Structures are given as structure tokens and as C-alpha cells.
S.K.: 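Handing you a structure now.
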Amino acid sequence: MTMRSVERIHAGRSVRRLGSFHAAAEDLHLAQPSISARVKELESALNVQLFVRQGPRIRLTAEGHALIELADRTLGSASELVERFRTRDPLRGLLRLGMNESFALVSATDLIERIERHYPALRTSIFVGDTGAVSQMLAGEQLDVAIVSEAHVPGHVKQEVIGKNRFGWFAHAGFPVTREALSPSDLGSLHLLISPPTARLHETVLKWFTDARVTPERVSLR
DNA sequence: GTTGCACCGGTAATGTTAAC
DNA sequence: GTTAACATTACCGGTGCAAC
């Protein structure tokens, strides 16, 4: 992309933001014909009409809206990149954070509050899902940090243990518990409600039954 | 190093058009 | 009719490049 192309896109963004070529010209410290020419060059180069001219009134077309939205995101990312490397501070910009549902239920609010307090220049986007889905996104570089249980992650991802997650069974209050620890054979005949197959917990629970040579009679996914 | 030319991008002036 | 805003045109200055 040439500098001239970037200038054309800046002109288009400014016209969209301020609502007129005249205002955009003032904003960019240029004369109105320069803005008019830049927008026209941009339209010609892309072979699309970005603005509908109705005499002295202009209206953004759907294609214009789409292009400038994309330009905003792209140039915004470019500015963020420049700022990040200029300041040598990695803790700014957007942090894509993923977490499994159990962690999200218990600690998400506290974690986000701490991040915002300690790193005010950092914006966070949160994805909550089961461990399988979150790990997959992390491996695919769709997330920067993920909090999961029993993660199987590729080599480029650094792992750090932050705590232990204890599993437990939950049952109706009237369920007859005859001893402290239940075995797979105690539960195999019941209707079990467990996590979906993408969750690590699903695999863990089924392995618990398989190791004891018990096949659960009825399993539903939540 | 200097000169002349072409090209590009800018501005000022003017025309055009729609809203009031 | 007036006003405001975009389009068009003419002209100017800076820059790159080839020729000398």
C-alpha cells in the first residue's frame, strides 16, 4: 500500500466521521478540492462508489460503510502495533483471554477487575467455553491467554499451573449416600448429566467409569 | 552540477445544486 | 433569492529523471 493510498483512505474516513468533504478538509488541513480528489481517486482505484453526492449533500453507500469500517479496524490495529513497539510495553492494547466455564463462574469477575486496575491501558476480550474449545482457540492463536484444565497445547504455548480444580458429583438432596466415597458402580445405573465431549471433564468422567469396567446406563449432555 | 521537462498534488476561483 | 457544500478548471510549486 502506498502513502497516497493511505492518504485517500484517511480522507474517506474523515468525510465519514465529520459528515462532509468541507469538514474533512478542515480536519486534515487541506482545501476541499483535495479531499474531493482523494475520495474520487479512492473510488476509482477500488471501482466502487463510496459516497452518493446529492448536490451539496453526501451519503455513505453500503460499500463505503463496509470499506471504512474495515479501514478503521486495520488502521486501528496498525496504530496499536506502532504504539506497542514504540513504548516497548506489551501490556497494552487488546488481550484475548479465554477461560473454561468453571473458572469463569468462580473467578472471572475478580480477574477482570484486577487486570483493569493494574493495566489500565489493556483492553480485554473474554471467551468462555469448555476446555477443549478454549484450548483449540489458543492453539490456533485466536487467544493470547487461556485458563483451562488439563490442557493439551502445542509447543509454542507456555504453560503455568495456577491451581487445582477438584471434581465433585452433585445429586438431589434425597439421594441415598451410604458412604463418603462413591464408586462408578454406585452411579452407573443413574441418569448422569455431564459436560459435552469437547470438555476435558467429559473425557475424565468417562475414563473413571471405563477404568472400573462400568458402562453408564443413561448419559445426557448439559 | 546544472538545466529542462513531465508529472503529481496542492490551492483559488468559479460553477452547480439542493435546502431553506 | 440566499446559503452552504461539492465539482470542475486553471494555475502554481515541488520532485524525479534524463540529457548535457
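This one's a predicted model, so the numbers in the text were calculated from it and none came from an experiment. Lettering follows sequence order; numbering is per chain, from 1.
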S.K.: Is there any protein nitrogen or oxygen under 3.5 Å from a nitrogen or oxygen in nucleotides 8-12 of chain C, and what are the pairs?
M.R.:
| from | atom 1 | to | atom 2 | distance (Å) |
| --- | --- | --- | --- | --- |
| C/dT8 | OP2 | A/K40 | NZ | 2.1 |

S.K.: Under 3.5 Å, is there a donor-acceptor pair between the side chain of A/T124 and the main chain of A/L95?
M.R.: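 No; zero donor-acceptor contacts below 3.5 Å.
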S.K.: Mind checking whether A/V39 and A/F51 have side chains closer than 4.5 Å, heavy atoms only?
M.R.: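 Touching, per the 4.5 Å side-chain cut-off.
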S.K.: In whole angstrom, give the distance that lies between atom CD1 of A/I35 and atom P of B/dT11.
M.R.: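 Going from A/I35 (CD1) to B/dT11 (P), I get 9 Å.
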S.K.: Using salt bridge (Lys or Arg N to Asp or Glu O under 4.0 Å) as the criterion, list what pairs up with A/R16, not counting sequence neighbours.
M.R.: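 Testing A/R16 for salt bridge (Lys or Arg N to Asp or Glu O under 4.0 Å), a comparison that skips the adjacent residues, returns A/E69, A/D72.
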S.K.: Less than 4.5 Å apart, any side-chain heavy atom of A/L97 and any of A/L143?
M.R.: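 Result no, sub-4.5 Å side-chain heavy-atom pair not found.
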S.K.: Heavy-atom count check: over 12 atoms from other residues, nucleotides or ligands less than 6.0 Å from A/Q32 CD?
M.R.: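 Count over threshold, so yes.
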S.K.: Can you tell me how far P of C/dA7 sits from CG of A/L50, to the nearest Å?
M.R.: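 Between P of C/dA7 and CG of A/L50: 12 Å.
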